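Worksheet: the structure to be examined is printed underneath.
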Amino acid sequence: MTIREILIHPDDHLREVAREVTFPLSDDVKQLIQDLADTMYDAPGVGLASTQIGVPLRVAVTDILWRSEEVRHNADEPGGLRDLKVWINPEFLWKSDEMVTWEEGCLSVPEYYADVARPAAVRLRWFDAEGTRHESDFEGFQAVALQHEFDHLDGKLFIDYLSMLRRNMITKKLKKLYKS
Ligand code: NI
């Protein structure tokens, strides 16, 4: 099990636009997927994009069950729940005009949460680790989580949707807290 370091805003690597992955997956990319999952569960988080560990490839993992503290607490018990999803080269084919607002947070922007409005429903095309193409519609928390994760692959963070004043305040405080 390899826990990778999660980059914290304002790290320039978080602003990189990630490249598409080619199939069949190389051993490096297979390892990357495993590391992303291990790192997400360890954090703990409900999603992690490659960009967040400094690898600019279009790969992300999610487990929206991990929103629940009870699920996290019991994950390693018999009957513990996990629902790991791997998203490779994801692309939104459609987004609804209807918007929905959720309070978002991010492992790369620790300790800050803010309301962000995003399309309430999306249609997504993506590939799984075997290279099989999928297409499906998502709504609710899942739709929001996917938009948040795939923003990372384009070098975008949820704080980019906030006012410049609020964003600058968060950047300043994180710089002070995490400066290395
Ligand atoms: Ni994030």
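None of the values given here were measured: they were computed from a predicted structure. Both ligands and their constituent atoms are indexed starting at 1 by order of listing. Note: hydrogens, waters and symmetry copies are ignored here, and every other heavy atom, side chains too, is used.
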Only pairs under 3.5 Å count here: list side-chain donor-acceptor contacts from residues 35-49, not counting sequence neighbours, and write none if there are none.
| residue | atom | partner | partner atom | Å |
| --- | --- | --- | --- | --- |
| Asp35 | OD1 | Gln31 | NE2 | 2.8 |
| Asp35 | OD2 | Arg4 | NH1 | 2.8 |
| Asp38 | OD1 | Gln34 | NE2 | 3.1 |
| Asp38 | OD2 | Thr2 | N | 3.4 |
| Thr39 | OG1 | Arg4 | N | 2.9 |
| Thr39 | OG1 | Asp35 | O | 2.6 |
| Tyr41 | OH | Asp63 | OD2 | 2.5 |

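- Judged purely by distance below 3.5 Å, without hydrogens or angles, the side chains of Tyr161 and Asp151 pair a donor atom with an acceptor atom.
- A side-chain donor-acceptor contact under 3.5 Å links Glu16 and His13.
- Within the protein, the N, O or S atoms lying under 2.8 Å from the Ni ion (ligand 1) are Cys106 SG, His148 NE2, His152 NE2.
- Ring to ring, Phe92 and Trp87 are not that close: their centroids are 6.0 angstrom or more apart.
- Grouped by direct or indirect side-chain proximity (heavy atoms under 4.5 Å, Ile/Leu/Val/Met/Phe/Trp/Tyr only), Leu7 sits with Leu14.
- The hydrophobic cluster containing Met1 also includes Ile3, under a criterion of side-chain heavy atoms closer than 4.5 Å among ILVMFWY residues, counted directly or through chains of members.
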